[in-house]
Amino acid sequence: MQIKIVIGTIAFMIAMMVLGYSALREPSRMERFTDAELGRSIEAGAEIFANNCATCHGVDGTAQECFDTTGNQIACQGLPLNYNGLLCGDVSQRMSDMGWTGTKHDYILTTVSAGRGSIMPTWSDAFGGPLRPDQIRNVTNFVLNYESEALCSQPLVTYEWPESATDFLAGPDITAPGDPARGQELFTVTYGCSACHGTIDGSTPAAIGPSLVDIETVGATMVEGMDAQQYVYHSILYPSDFIAPECPTGPCAGPPSVMPANFGARMGENPQDMADILAYLLGQ
Amino acid sequence: MATFVEQVREMGIKKAVVTKSDEIVERLTAGMNINDIRAALRGDEPRRPNPRLRPHADGFWLHIRPSFYHTGVTNIYPTFRLGWLSTFMLVWETITGLILMVFYTPSPLVAYGNMWNILGNVPLGQLFRNMHRLGAEVMVLVVAMHMLRTFITGSYKKPRQFTWATGMLLLLFTIFLSFSGYLLPWDQLAYWALTVFISGGAAAPAPAFVNDTVLLVLQGGPALGADGLLRWYLLHVLLLPLLAGIFFFVHYYKVVLYGISLPPGREQVGEDTAKRVPKDERTYFNPDILTSELMWTALATLFLVAGALWLWDAPLETHADPVVTPLHVVAPWYLSWSQGWLKLADKTLVVGFIPLLLVSFIIMPYIEVGKSRRYADRRVGLTVAFLFIAFMLVSNWMGSPEFRVQSSPDREVSIQLLPEEGPGGLKGIPYEHMTPGTYSPGQVIDGNPFLTRGLELFQQAMYQQSCTLTGNPQWAPCNVEELENGGHRYSNFFTTDAMPDPIAHLEIVEIQPNLKEMTLHYEVTNPDTGEVTETVWIRPRHAFSNYEEECRFLNKSCATD
Ligand code: HEM
């Protein structure tokens, strides 16, 4: 019996020492597993990206090389994601353009979940999309992982809007005249202008901002020396410069205008948007 | 009785404290004071009346234990301590399980994240997960071995038939406890093992609406989802432990009632003398059996702690995905035999056979009524038992991943080297040794033993799945078989569907900071038509993913050495 007591006591002590030893190495072990969780999430995100996102945002996320399911190269329809304006800084350029006050992670997660406009689909199954919450988190982690020192040391490309609309439309990046059908899409969906201004055929009346029905003629009468095109162009970029007299609820307020001042920055990522909206509003 | 203060006044502080402690110890042990305990530990004879028997009469815990055993059953043989060990495992699983429960929510939204939280955020979390999971598998093994020993020693015979019957139920609950816990991590491994088994169960020889209803109840919907997970969780933490607990006490009560059976040779045929223990053959529980049990508790704890720390890691695959079926769904080893049976017989037959088998095991002692427990008198029974064990082992092997249906040869190579789940040949290469570039199988990379080893594994895997028609010495020669449709099938020593003269390479590119993509390219030319088939298999690999650690524990052929 004595021997059993000795064996039992020793075994118990060794077991406790083993526990103590493993407790000592816990901090580094936990760190490895926390890292591994992120690493594997990014791996899973990489596959989701390749299967769902690369057709529009490009195989390397720069929206330059896109392929359809049969492997033919097609035009990229999405914005670049492997892009310093999205990923660099605590508040990246695109976040401030969009007036996003949350974190970068949440900005991407929300955009992926809920989609944007009619081209970027809603991906989260909470909104009828195909991806589960964990998959949304994985692909978000993957996109965030494009951030690197090399990427963020590149200068931010910002678009310099020319003073005059005519110069703008003659610019090298612009296909003039714009595409009014796409302009309508941008006006009603992507930028949501119609939420305040109503539709230009008057079928939905303006709600907050001035009505834009007949803006192609009315616009020319607003400011001395400005034609309708220049007036609309300038007002989109600098809403507070000219305050329209009549809004649905009485005289328009301002300056500053109620209209967001960030459309210039947002359209700066794809200036063709401006050309298309002008084409749509001015009925060219 | 005098109060403590009065005692101090009467006999001084020291003596009063000793007297008081003695009193407290005697109350806690329900009858033994400090001197009695010391005497017991020294191995002295007890005083009269024997204080070591009082805890059995007055205390709750010892009242469920007999106060002495027949010395003939206290050695390793005949019990091998297996019944005790089963009990220990039940307690062990309860304790480790309760701790894990603190960090777990049974919902598909968070369950998988909970596992990572346990691994990466809870101090000793991985150890407890490993101990619980290792414990679950050890418990199945221990209980099965306990059953085997009670069969071999003929302990199931009259009057212990009912003990055996409740034991069978305990085995069933043990397996179901293990299996229901299998689902909870909500990873691919868990999800698909359960899905396959539940849907297999629905092939029972019963009217379709019965099967459909059972399936619906077990899955909680058309497929396993939130409701299903909750149900299996409640089975795992509530219903099954409750049933196991109840039947454990019934089982143990019967053991105490009839006494543990003596080694078969020690009593006359047809006699049961376990309860008639002569004075000189008694081993008292207090202190001998108790000491021995405490020693075994310490040893078993040491084994499980060390095993969970150094020998084995609980697996965790990627998040459960109901739309992506893994190539090879594997059952846990203790159910592998049933997958083996599916390869031998029709599903309905197998599913119908299992409950029959269970029932026949339960009623076996009421039918097999041979009087003698001696081995020499039970040649037929023992032979049948060993044949059955052999059959189960073979079935288990047939159900294991080694014995599986082949997919296409290039996929076989791919999943050996870069499986979707868990570690594999190329996944174990440390990140910094995954030098971007294009490599062919078997290539030697100077100064990079890991990649070299990986490419060697690539070569080996390709060798098994390829053959040559053109005499390329890299591959084994092709056996060509004419098919009915006029085509040909190529095979080699290992594989029926081999790739004839394949060209294959591995490409590594860095696609993001700390993220590389490994691509396996295969190019096979059909010798009949000259048509070229190109396939690729792409797996991303992040610097932090740490498959090396899994490789080390899961003993897969990884290129880590
Ligand atoms: C959770 C599962 C089980 C537990 C905790 C358990 C526990 C025990 C314990 C503590 C004993 C005392 C004797 C010994 O240590 O061998 C015992 C005896 C016995 N058990 Fe179990 N048991 C379990 C499962 C089974 C199974 C699966 C069977 C067989 C189908 C079985 C059949 C018996 C029989 C027949 C005895 C009497 C042995 C004798 O008197 O020699 N038990 N069990």
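These numbers come from a predicted model, not from an experiment. Per chain, numbering begins at 1; letters A, B, ... match sequence-line order. Values reported hereafter were calculated over all heavy atoms of this structure, with side chains retained and with hydrogens, waters and symmetry mates removed.
For A/N72, the CG atom is densely surrounded, since the number of other residues' heavy atoms within 6.0 Å is greater than 12. Heavy-atom contacts from other residues, nucleotides or ligands closer than 6.0 Å to CD of A/Q2 number more than 12. Summarising the local packing, CH2 of A/W100 is surrounded by more than 12 heavy atoms from other residues, nucleotides or ligands at distances under 6.0 Å. The environment of B/F303 atom CZ is sparse: at most 12 non-hydrogen atoms of other residues, nucleotides or ligands sit within 6.0 angstrom. Within 6.0 Å of CD on B/E432 lie more than 12 heavy atoms contributed by other residues, nucleotides or ligands.
Using a 4.5 Å heavy-atom cutoff, the side chains of B/D321 and A/R132 are in contact. In this structure the side chain of B/R539 reaches within 4.5 angstrom of the side chain of A/E47, judged on heavy atoms.
Listed in order of number, the residues of residues 105-115 of chain A that approach chain B to under 4.5 Å between heavy atoms amount to none. Taking 4.5 Å as the heavy-atom cut-off, the residues of residues 507-520 of chain B that approach chain A are B/I511, B/Q512, B/P513, B/L515, ordered by number. At a heavy-atom cut-off of under 4.5 Å, chain B is reached by A/G8, A/A11, A/F12, A/I14, A/A15, A/V18, A/L19, A/Y21, A/S22, A/A23 from residues 8-24 of chain A, listed in order of number.
Here the closest heavy-atom approach between residue A/R25 and residue B/L309 is recorded as NH2-CD1, 3.3 Å. The minimum heavy-atom distance linking B/G120 with A/T34 is given by the pair O-OG1, 3.1 Å.
No part of B/V110 comes within reach of chain A, as not one of its non-hydrogen atoms sits under 4.5 angstrom from that chain. There is no contact between A/D60 and chain B, counting heavy-atom distances below 4.5 Å. Looking at B/A308, there are no atoms closer than 4.5 Å to chain A (heavy atoms on both sides), in backbone or side chain. Residue contact with chain B, scored on non-hydrogen atoms closer than 4.5 Å, involves the backbone of A/E147 exclusively. For B/N121, the part sitting under 4.5 Å from any heavy atom of chain A is the backbone (N, CA, C, O) and nothing else. Interface remark: B/P287 contributes backbone and side-chain atoms alike to the contact with chain A (heavy atom separation under 4.5 Å). In this structure, no portion of B/A300 lies under 4.5 Å from any heavy atom of chain A. Contacts between B/L41 and chain A at a heavy-atom distance below 4.5 Å involve backbone atoms as well as side-chain atoms.
Counting only distance, with no hydrogens or angles, the side chain of A/R32 and the backbone of B/F544 share no donor-acceptor pair below 3.5 Å. Side-chain N or O atoms of A/E37 include none that pairs as donor or acceptor with a backbone N or O of B/W116 at under 3.5 Å.
When each of A/R40, A/E26, A/M1 is checked for heavy-atom pairs under 4.5 Å with chain B, A/R40 comes out on top. Of the residues considered (B/G113, B/P123, B/G43, B/A543), B/P123 shows the highest number of contacts with chain A, using heavy-atom pairs under 4.5 Å. Per-residue heavy-atom pair counts under 4.5 Å with chain A were compared for B/P540, B/A306, B/G125, and the maximum is reached by B/P540. Counting heavy-atom pairs closer than 4.5 Å to chain B, the top-ranked of the candidates A/N138, A/I7, A/N82, A/V59 is A/I7.
The line from OG of B/S292 to NZ of A/K4 is 4.0 Å long, rounded to the nearest 0.5 Å. Interatomic distance, CZ of A/R29 versus CG of B/L119, reported as 6.5 Å (0.5 Å rounding). From A/D134, atom CG reaches atom OG1 of B/T318 across 9.5 Å, with rounding to the nearest 0.5 Å. Interatomic distance, B/S545 OG to A/L38 CG, rounded to the nearest 0.5 Å: 8.5 Å. Distance check: A/I3 CD1 to B/T291 OG1 gives 12.5 Å after rounding to the nearest 0.5 Å.
Residue pairs meeting the ring-ring contact (aromatic ring centres under 6.0 Å, His included) criterion with at least one member in residues 57-93 of chain A: none, sequence neighbours excluded.
A salt bridge does not link B/R541 with A/E43: every distance from a Lys NZ or Arg NE/NH1/NH2 to an Asp or Glu carboxylate oxygen is 4.0 Å or more.
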